[in-house]
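Reading through the structure tokens given below for one structure.
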Amino acid sequence: MSVANRFLRYISYDTQSNEESTTIPSTAKQWELSNQLYKECLSLFDHVEQGNDGIVYATLNATKADDSIGFLAHMDTATEISGARVEPQMIRDYDGQSITLKNGLVIDPDIYPVLKTCIHDDLIVTNGNTLLGGDDKAGIAIILTAIEQIRSLPHGKICVAFTVDEEIGRGTDTFDLQKFPVDYAYTIDGDRIDNVEYENFNAAQATITIKGTAIHPGEGKDKLVNASLLAMDFAHCIPHNQTPAHTQGREGFFHLLKLEGDVAKAKMVYIIRDHDATKFARKKALMNNVVDALNDKYGQRFSIEMHDQYHNMAEFMTDKTPVNRAKKAMARCGLEAVSIPIRGGTDGAMLSEKGLACPNLGTGTFLHHGPREFASLSKMAQMVEILVQIIKGEGI
């Protein structure tokens, strides 16, 4: 099966995760894709196992002496926008002009210059009402297409895993490394296919709960305390130039992910990101300091719960063997590899912290987590060849 056909099959599944859920996986609908992948893997691998958490593990036994290599991708899609009832639209031989989606939404290459890297590629876009699902169903399609192509070639042991709930930071919470015995691994979960990523954000999440005092507004003088207005006060205390709309490269940020409330109670959910560990610690301290200051001002109405989600994998990537192997494979495919820090995180960041070096590679899909997300089928096919070259190894 072609990588395009696999991808179109997988994006038909609605697998959006839910951070409010306490189940594993966080949504029952992820099981539908998990079951499908388990069935497909049975015909491609020597051993396949589906965990009671929905994770699918598959192993292809070695036919030659070489490093054992793992590949991972995640099944779930982002929480920001629905991935249900995706209507993919094909654009053949993209001409470099603005793309108008069915609902009128425009993808302008002057605003989104990554489109200019895809001229003459065959693209898949959405109808503008959903995300596409390239993050990370493209990764799944690329991995399985590569495995199909190398089965008849000499190769070392290969392990593959498809995880759940990566988008809500739980992709490796129940991951069983004993079922994934490899020397190193790669997540296929980025965008540009010439990037070998081994540095990512340190990440934390903070939930601020605010208690107000509700009373009839006609009798509110010196009594009513509006929790929603206090939430606005909190937001104004966070540096406005340190949000995702104002930062790039290695610059970290505070991101207000969710705000809900009324007079009596309000809740804010922030994510905190920085590549630098010292700056990351300062950002977390600032959140606590704002809570303390506003409690002094308003009388103990703010509480905060904050926890780390993952850390910069560069701290744990002491052996660059997987990075170098991937870059050499890209060179054999005619690409000059780069290593640009990820402004996000992957399952590989958490696996690297657990001792399994796991850099991230691209998928050929772009503008993730929104309705302008698109896939380059041409680049996805190139990524399949890069994985084949990684598996073959140098000089083969």
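Quick note: residue numbers are just sequence positions, from 1. The structure presented is a predicted model; accordingly, all values stated were derived computationally and were not measured.
- No side-chain N or O of Tyr186 forms a donor-acceptor pair with one of Glu197 less than 3.5 Å apart.
- Here Glu148 pairs with Arg6 under the salt bridge (charged side-chain N to carboxylate O under 4.0 Å, His left out) rule; sequence neighbours left out.
- No side-chain N or O of Thr365 forms a donor-acceptor pair with one of Lys379 less than 3.5 Å apart.
- With sequence neighbours excluded, the residues forming a salt bridge (charged side-chain N to carboxylate O under 4.0 Å, His left out) with Lys328 are Glu394, listed by chain and number.
- For Asp292, there are no salt bridge (charged side-chain N to carboxylate O under 4.0 Å, His left out) partners two or more places apart in sequence or in a different chain.
- Just one of Val164, Ile55, Asn52 meets the side chain to side chain contact (heavy atoms under 4.5 Å, CB included) condition when paired with Thr174; it is Ile55.
- In plain terms, the two heavy atoms of Thr278 and Asp276 that are nearest each other are N-OD1, 3.0 Å.
- In this structure, Glu305 places its CD atom where more than 12 heavy-atom neighbours from other residues, nucleotides or ligands lie under 6.0 Å away.
- Salt bridge present: Lys284 and Asp308 bring a charged side-chain N and a carboxylate O closer than 4.0 Å.
- Using a cutoff of 4.0 Å between basic side-chain nitrogens and carboxylate oxygens, Arg343 and Glu199 are not scored as salt-bridged.
- In the displayed structure, Lys221 atom NZ is contacted under 6.0 Å by at most 12 heavy atoms of other residues, nucleotides or ligands.
- The environment of NZ in Lys179 is crowded: more than 12 heavy-atom neighbours from other residues, nucleotides or ligands sit within 6.0 Å.
- Side chains of Tyr298 and Asp233 form a contact here, defined as non-hydrogen atoms less than 4.5 Å apart.
- A side-chain donor-acceptor contact under 3.5 Å links Asn200 to the backbone of Met313.
- Remark: the backbone N or O of Gly190 is paired with a side-chain donor or acceptor of Thr363 at under 3.5 angstrom.
- Within the 3.5 Å criterion, the main-chain N or O of Gln16 finds a donor-acceptor partner in the side chain of Thr27.
- Ion pairing between a basic and an acidic side chain is recognised when a charged N comes within 4.0 Å of a carboxylate O; Glu20 and Lys258 show such pairing.
- Taking both residues in full, the closest heavy atoms of Cys118 and Phe366 are given as SG-CE1, 4.1 Å, listed atom of the first, atom of the second, then distance.
- In terms of hydrophobic clustering, with Ile, Leu, Val, Met, Phe, Trp and Tyr side chains grouped at heavy-atom distances under 4.5 Å, Phe201 and Phe316 are assigned to different clusters.
- Comment: Asp66 engages Arg325 in a salt bridge, judged by a side-chain N to carboxylate O separation of less than 4.0 angstrom.
- Scanning both residues, Pro371 and Leu101, for their nearest heavy atoms gives O-CD1, 3.6 Å.
- With ring centers used as reference points, Tyr57 lies under 6.0 Å from Phe175.
- Not counting sequence neighbours, Arg282 has no partner by the salt bridge (charged side-chain N to carboxylate O under 4.0 Å, His left out) test.
- For Thr243, the side chain to side chain contact (heavy atoms under 4.5 Å, CB included) partners two or more places apart in sequence, or in a different chain, are Ala245, His246.
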For this session: For the pair Tyr184 and Asp67, evaluate side-chain hydrogen bond (donor to acceptor under 3.5 Å, both in side chains) and give the outcome as yes or no after the intermediate values.
Result: CA-CA 8 Å; Tyr184 45 83; Asp67 292 349; 2.8 Å; yes
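- Applying the side-chain hydrogen bond (donor to acceptor under 3.5 Å, both in side chains) test to pairs two or more places apart or on separate chains, those with a residue in residues 207-218 are Thr213-Arg301.
- His74 pairs in a side-chain hydrogen bond (donor to acceptor under 3.5 Å, both in side chains) with only one of the listed residues (Asp135, Thr172, Asp347), which is Asp135.
- Applying the 6.0 Å contact sphere to NZ of Lys320 captures more than 12 heavy atoms from other residues, nucleotides or ligands.
- At most 12 non-hydrogen atoms from other residues, nucleotides or ligands lie less than 6.0 angstrom from NZ of Lys102.
- Under the side-chain hydrogen bond (donor to acceptor under 3.5 Å, both in side chains) test applied with Glu87, the options Asn129, Thr130, Asn127 reduce to a single match, Asn127.
- Side-chain N or O atoms of His275 include one that pairs as donor or acceptor with a backbone N or O of Ile342 at under 3.5 Å.
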